[in-house]
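All values below were derived from every heavy atom in this structure, side-chain atoms included, with hydrogens, water molecules and symmetry-related copies excluded. Numbers restart at 1 for each chain; the letters A, B, ... are given by sequence-line order, proteins then strands.
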Number of protein chains: 2
Amino acid sequence: MPRAGLSPAAVVDAALAVLDGGGPDALTLAAVAKRTGVAVPSLYKHVRSLGELRVLVGARLVEDLAERLGAAVMGLSRDDAVAALMRATRAYVREHPHRYAAMPLDPLHEPAQAEAGQRLMEVFLAVLRGYGLHGADAVHATRRLRAAVHGFTSLELAGGFGLPEDLDDSYQRLIAMVTASLPA
Amino acid sequence: MPRAGLSPAAVVDAALAVLDGGGPDALTLAAVAKRTGVAVPSLYKHVRSLGELRVLVGARLVEDLAERLGAAVMGLSRDDAVAALMRATRAYVREHPHRYAAMPLDPLHEPAQAEAGQRLMEVFLAVLRGYGLHGADAVHATRRLRAAVHGFTSLELAGGFGLPEDLDDSYQRLIAMVTASLPA
DNA sequence: GCTGTAAAGCTAACAGCATTAGCTTCGCCT
DNA sequence: AGGCGAAGCTAATGCTGTTAGCTTTACAGC
């Protein structure tokens with residue numbers, strides 16, 4: 001019986017594949033075990049529990065998103081950067097719907113996710129720094145931006161907008177609403 | 001052995017109490033059965049499955065929210081109505097966090113929730129009608145409004161905003177951002 | 001090259017979950 | 001009084017996550 005050569009990272013890889021295939025509810029230890037070719041209890045050698053696996057998966061998701069958004073805003077500033085940030089987020093959600101559904105909304109509260117969460121937050125703050133925003137104003141602006149992006153994409157993802165008619169148009173107007181709320 | 005005198009509505013009542021007490025994950029048939037003083041399989045006499053129970057609970061949640069928001073905007077128009085709508089939603093989320101976490105985002109797609117969903121959507125549309133918005137413009141504005149409200153409240157609910165510092169202030173600015181995007 | 005050991009795998013078992021089948025009993029209607 | 005449908009029950013199944021305890025692998029050091 002050859003050894004599978006698993007590792008925490010490999011388990012997370014498999015979990016991510018399972019997540020992509022069937023969504024957050026499908027992310028079960030049985031599914032991950034089948035995919036790694038290992039018996040269910042063997043997973044406990046690499047991961048403390050299903051809860052911890054979810055946290056580790058969440059950390060990876062935040063890392064990915066942070067990297068992608070960082071790349072998207074590179075070389076841009078102000079309204080262009082905001083638009084790029086918002087469009088890149090929506091593109092990510094449409095490309096990986098199940099991943100966004102499993103994305104932790106409070107990565108800073110979980111030690112294993114805090115570093116990635118910090119990087120993601122940095123992207124937002126860097127974009128807003130281009131407007132000369134600092135301190136409380138920057139915090140408020142970040143919250144507006146995040147609320148708009150997360151609100152729209154999560155509603156779209158859940159099918160909360162009825163028919164997918166004119167959604168691009170709606171999003172363009174949402175972007176305009178956000179940029180209009182930022183200093184000239 | 002006296003009969004419990006259950007009914008679908010009574011089961012939903014109990015489910016709502018369970019939801020309030022422990023959140024969406026605590027909404028289990030075992031918990032509902034315990035609360036109604038009945039054995040688990042007996043619930044199937046009133047509800048087809050846990051899935052259906054969730055749908056019915058969701059319908060009640062949307063009804064409640066629609067009623068509340070309708071009352072909140074009564075007698076108000078334009079920016080005042082938008083502000084009231086947004087504030088009332090946030091107040092609901094803070095008052096019943098577990099209920100909002102279980103709130104269906106696409107009530108129109110589920111027959112049992114469609115009627116309540118329609119009523120809720122009507123409140124949004126009625127408020128925007130005060131701006132003279134019709135057709136596509138009204139649709140886009142509704143989406144902006146919903147995105148802002150849902151985005152902020154769900155992020156706040158999940159603890160995604162770090163410390164609860166100046167959240168009222170942030171929300172006020174979010175309201176201003178939305179109203180500024182509507183016709184003068 | 002052999003051996004000792006820690007890690008990585010396994011099977012067996014348990015508790016909690018949703019669900020189904022089939023039985024019993026209640027309470028109303030005639 | 002009798003009948004009948006609805007409402008309850010127990011028993012059983014299969015799926016979860018989790019733990020305990022055993023076996024085996026692969027490498028480190030002699």
Side-chain angles (χ1 to χ4, degrees), chain A residues 1-61 98-99 101-102 104 110-113, chain B residues 1-61 98-99 101-102 104 110-113:
Chain A
M1 209 156 281
R3 200 165 281 210
L6 241 41
S7 72
V11 173
V12 172
D13 286 343
L16 225 65
V18 170
L19 174 65
D20 281 334
D25 289 348
L27 182 44
T28 168
L29 290 183
V32 174
K34 171 173 277 188
R35 183 160 261 277
T36 53
V38 125
V40 173
S42 304
L43 296 173
Y44 284 82
K45 298 290 175 173
H46 308 280
V47 150
R48 247 195 295 276
S49 68
L50 175 63
E52 194 198 57
L53 176 56
R54 288 210 189 98
V55 168
L56 295 177
V57 167
R60 282 272 279 273
L61 296 180
H98 296 315
R99 294 195 187 195
E110 198 69 44
Q113 304 172 337
Chain B
M1 203 157 284
R3 201 164 282 207
L6 240 42
S7 71
V11 173
V12 171
D13 287 342
L16 225 65
V18 170
L19 174 65
D20 281 333
D25 288 349
L27 181 46
T28 169
L29 289 183
V32 174
K34 171 173 275 186
R35 182 160 261 276
T36 53
V38 122
V40 173
S42 305
L43 296 174
Y44 285 82
K45 298 291 175 171
H46 307 281
V47 151
R48 248 195 294 273
S49 68
L50 175 63
E52 195 197 56
L53 177 57
R54 288 210 189 100
V55 168
L56 295 176
V57 167
R60 281 272 280 274
L61 295 179
H98 295 316
R99 294 195 186 196
E110 198 69 44
Q113 304 172 337

[X]: side-chain contact (heavy atoms from CB on, under 4.5 Å) partners, not counting sequence neighbours:
X	answer
B/Arg99	B/Leu16, B/Leu19, B/Asp20, B/Leu61, B/Asp64, B/Tyr92, B/His96
B/Val55	B/Glu110, B/Ala112, B/Gln113
B/Arg35	B/Ala14, B/Ala17, B/Val18
A/Ser7	A/Ala9, A/Ala10

inquiry  = I want to verify a distance call: between D/dT10, C/dG9, D/dG8, whose nearest atom is closest to the A/Val38 side chain?
reply    = C/dG9

key: side chain to side chain donor-acceptor pair (under 3.5 Å) contacts in which one or both residues fall within residues 39-61 of chain B, not counting sequence neighbours   =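 Sorted result for residues 39-61 of chain B: B/Asp13-B/Arg60, B/Arg48-B/Glu52.
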
query = Within less than 4.0 Å of OP1 or OP2 of D/dA6, is there a side-chain N or O belonging to B/His46?
reply = no

task = Please state whether the phosphate of C/dC10, meaning OP1 or OP2, lies under 4.0 angstrom from any side-chain nitrogen or oxygen of A/Ser42.
result = yes

note = Contact string for nucleotides 12-19 of chain D, one letter per nucleotide 5' to 3', B = base within protein heavy-atom range under 4.0 Å, S = sugar-phosphate only, - = neither, reads ----SSBB

inquiry  = Expressed as a whole number of angstroms, how long is the span from A/Leu6:CG to D/dT25:P?
reply    = 17 Å

Spacing between A/Lys45 atom NZ and D/dT25 atom P, to the nearest angstrom =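 Between P of D/dT25 and NZ of A/Lys45: 15 Å.
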
key: Distance-minimising heavy-atom pair for A/Leu29 and A/Leu43   =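 For A/Leu29 versus A/Leu43, the nearest heavy atoms are O-CD1, 3.4 Å.
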
